[in-house]
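Worksheet: one structure, shown below.
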There are 2 protein chains.
Amino acid sequence: MTTNSLTSTTDRDNGDNGGGSAAQRDRRRRILDATYALASDGGFDAVQMRAVAERADVALGTLYRYFPSKIHLLVSALGRQFEEAVPRLTERPIPGETPADRVLYVLKRMARGMQGDPKLTEALTRAFMFADGTVSAEIHAVGMSMTSLVTHAMRGSDDGREITEEEIAVARVLGDVWLSALVAWVTGRSTAAETAAHMETAVRLVLH
Amino acid sequence: MTTNSLTSTTDRDNGDNGGGSAAQRDRRRRILDATYALASDGGFDAVQMRAVAERADVALGTLYRYFPSKIHLLVSALGRQFEEAVPRLTERPIPGETPADRVLYVLKRMARGMQGDPKLTEALTRAFMFADGTVSAEIHAVGMSMTSLVTHAMRGSDDGREITEEEIAVARVLGDVWLSALVAWVTGRSTAAETAAHMETAVRLVLH
DNA sequence: GCATAATCAGAAACACGTTCCAGTTTTGTT
DNA sequence: AACAAAACTGGAACGTGTTTCTGATTATGC
């Protein structure tokens with residue numbers, strides 16, 4: 001199992017998306033848009049496959065052709081959200097004196113973004129947690145984005161150095177804590193403030 | 001049917017259900033036993049409410065009277081498993097020279113136990129991750145067990161000292177990592193060996 | 001011992017994820 | 001242009017979690 005060069009500049013669309021005709025790309029976009037809208041409005045339960053299909057103006061069978069399950073659909077939506085967020089967060093140097101400060105800055109900004117749309121976050125997080133092995137590709141992609149984000153924040157700017165094992169380990173641990181905290185928040189077991197405090201503690205612990 | 005101490009030997013009912021007649025306690029026990037058996041055999045999907053009811057020899061409506069949802073049912077089962085495991089793991093001094101060694105010992109032993117019954121673990125973990133706010137009580141109990149387990153391992157034996165904030169923070173971070181690793185393993189996204197390696201890295205990172 | 005309330009069994013019904021199918025439209029090839 | 005293959009539509013249908021209903025059974029207070 002490896003962990004490759006994460007801060008890939010490659011924007012490549014991998015198999016599950018890039019190909020296809022313009023009509024197909026458009027359908028896919030409409031489906032993901034409908035998913036966003038429904039999730040943002042009513043959370044996981046409101047993302048009903050019939051409703052998504054109707055809103056995206058495709059038949060139910062077509063929806064299932066593009067996304068073989070509700071989980072795939074939501075995890076793909078989460079993936080797209082990350083794809084959009086990561087460049088926004090990494091394009092300019094990240095403020096902060098120490099790696100801990102910078103990582104916290106990034107994590108908090110991301111948390112704030114998600115907390116601004118709680119229902120959407122609930123839907124996506126839940127899907128992520130419920131996914132089984134058949135979604136490992138999509139999930140791996142999200143994990144990579146997360147790792148890349150954190151390692152990028154640990155250094156202030158994008159020098160060319162190879163990313164070390166240590167950095168990856170730190171990033172993965174922080175990613176795990178972040179996910180758990182997110183789940184706790186999403187399920188109403190902790191407040192946003194508690195989540196933030198917990199993340200801060202974890203970062204200071206791990207980044208000596 | 002397999003294996004371990006899960007198939008209740010203890011007949012005692014604990015706090016969250018202690019009340020009620022003997023017949024009610026017996027029904028509850030039968031229901032949880034059926035849940036164990038089905039989960040151990042076929043995992044989350046195999047725990048079907050009709051099947052649980054039939055196996056426990058109660059009507060479907062009765063099952064729902066005792067546990068308002070499948071998630072509640074499974075999370076309760078997980079809670080009982082923890083209740084049984086924690087004393088077994090904390091009753092004697094934990095081997096290991098350093099806190100890191102001892103924590104690893106405990107976590108690995110627990111992981112081994114769960115990996116010995118993968119389907120059961122899958123079912124319980126999924127339920128845990130999918131739970132919403134209405135099961136926060138049960139989930140909080142599990143979280144406390146986990147924290148207590150780790151803090152106990154960090155010290156070798158049970159001296160009377162107050163547990164520090166720092167220790168709790170470390171325990172919570174490790175609990176988060178453990179949970180994420182467990183989810184990754186359960187959903188087939190990582191192997192047992194990878195999970196163990198990841199846990200080891202995290203422990204060494206957090207416990208200097 | 002009996003009246004009353006609580007609980008239970010059994011079964012039907014509903015909701016939503018998922019699958020399947022017959023017919024139609026779009027796309028690609030020759 | 002004609003044909004074949006692939007994709008799409010509309011809708012029915014199935015499985016499983018959940019709810020609801022009715023009549024039996026059991027527990028509880030007098």
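Bear in mind that the values here come from a model prediction, so they are computed numbers and not experimental data. All heavy atoms count here, side chains included; hydrogens, waters and symmetry mates do not.
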Checklist entry - Would you find a donor on one side and an acceptor on the other, under 3.5 Å apart, between the side chain of B:T147 and the backbone of B:A171? => result no
Next on the checklist: Under a 3.5 Å distance rule, please check whether A:T201 uses its side chain to pair with a backbone N or O of B:A169 as donor and acceptor.
Outcome noted: no
Checklist entry - Should B:V206 and A:L205 count as side-chain neighbours, where that means a heavy-atom distance under 4.5 Å? => result yes
Item to check | Student check: side-chain heavy atoms of B:K70 and B:L74 closer than 4.5 Å | outcome: yes
Checklist outcome for this item: Residues in residues 40-48 of chain A with a heavy atom under 4.0 Å of DNA chain C, by number, are A:V47, A:Q48
Checklist entry - Considering residues at least two apart in sequence or located in another chain, which fulfil the side-chain contact (heavy atoms from CB on, under 4.5 Å) criterion with A:T90? => result A:V86, A:L149, A:H152
Next on the checklist: Holding to side-chain contact (heavy atoms from CB on, under 4.5 Å), I want the full list of residues that pass it with A:S136, two or more places apart in sequence or in another chain.
Outcome noted: B:R189
Next on the checklist: I need the residues from residues 123-133 of chain A with at least one non-hydrogen atom less than 4.0 Å from DNA chain D; give them sorted by number, or say none.
Outcome noted: none
Name every donor-acceptor pair, under 3.5 Å, that has one atom in a side chain of residues 100-108 of chain A and the other anywhere in the protein, sequence neighbours excluded.
unit_1: A:D101; atom_1: OD2; unit_2: A:T98; atom_2: OG1; d: 3.3
unit_1: A:R102; atom_1: NE; unit_2: A:A153; atom_2: O; d: 3.0
unit_1: A:R102; atom_1: NH1; unit_2: A:G96; atom_2: O; d: 3.2
unit_1: A:R102; atom_1: NH1; unit_2: A:E97; atom_2: O; d: 3.3
unit_1: A:R102; atom_1: NH2; unit_2: A:M154; atom_2: O; d: 2.7
unit_1: A:Y105; atom_1: OH; unit_2: A:R109; atom_2: NH1; d: 3.3
unit_1: A:K108; atom_1: NZ; unit_2: A:E200; atom_2: OE1; d: 3.0

Rounded off to whole Å, could you give me the [atom1]-to-[atom2] distance for the [X] and [N] pair?
{"X": "A:L38", "N": "C:dC16", "atom1": "CG", "atom2": "C1'", "answer": "14 Å"}
{"X": "A:K70", "N": "D:dG17", "atom1": "NZ", "atom2": "P", "answer": "15 Å"}
{"X": "A:L73", "N": "C:dC16", "atom1": "CG", "atom2": "P", "answer": "16 Å"}
{"X": "B:E54", "N": "C:dC8", "atom1": "CD", "atom2": "P", "answer": "18 Å"}
{"X": "B:F67", "N": "D:dG17", "atom1": "CZ", "atom2": "P", "answer": "16 Å"}

Checklist entry - Which residue pairs pass the side chain to side chain donor-acceptor pair (under 3.5 Å) test with at least one member in residues 52-62 of chain A, sequence neighbours excluded? => result none
Item to check | All salt bridge (Lys or Arg N to Asp or Glu O under 4.0 Å) counterparts of A:R112, not counting sequence neighbours | outcome: none
Next on the checklist: Could you work out, with salt bridge (Lys or Arg N to Asp or Glu O under 4.0 Å) as the rule, every residue matching A:R126, not counting sequence neighbours?
Outcome noted: A:E122
Next on the checklist: Roughly what angle, to 10°, lies between the helix axis at the start of the helix from C:dG1-D:dC30 to C:dT30-D:dA1 and the one at its end, five pairs per end?
Outcome noted: 20°
Next on the checklist: Listing request: all ring pair (Phe, Tyr, Trp, His ring centres under 6.0 Å) pairs with a residue in residues 37-73 of chain A, at least two apart in sequence or in separate chains.
Outcome noted: A:F44-B:F130
Next on the checklist: Treating primed atoms plus P, OP1 and OP2 as sugar-phosphate and everything else as base, which nucleotides of nucleotides 7-12 of chain D get B, S or - for protein heavy atoms under 4.0 Å?
Outcome noted: SSBB--
Side-chain polar contacts of residues 30-42 of chain A - donor-acceptor pairs under 3.5 angstrom, sequence neighbours left out - could you list them?
unit_1: A:R30; atom_1: NE; unit_2: A:A56; atom_2: O; d: 2.8
unit_1: A:R30; atom_1: NH1; unit_2: A:D26; atom_2: OD2; d: 2.8
unit_1: A:R30; atom_1: NH2; unit_2: A:A56; atom_2: O; d: 3.3
unit_1: A:D33; atom_1: OD1; unit_2: A:R80; atom_2: NH2; d: 2.9
unit_1: A:D33; atom_1: OD2; unit_2: A:R29; atom_2: NH1; d: 2.9
unit_1: A:T35; atom_1: OG1; unit_2: A:I31; atom_2: O; d: 2.8
unit_1: A:Y36; atom_1: OH; unit_2: A:A77; atom_2: O; d: 3.2
unit_1: A:Y36; atom_1: OH; unit_2: A:Q81; atom_2: N; d: 3.4
unit_1: A:S40; atom_1: OG; unit_2: A:D117; atom_2: OD1; d: 2.9
unit_1: A:S40; atom_1: OG; unit_2: A:D117; atom_2: OD2; d: 2.9

Checklist entry - Could you state the interatomic distance from CH2 (A:W178) to CE (A:M110), rounded to the nearest 0.5 Å? => result 5.5 Å
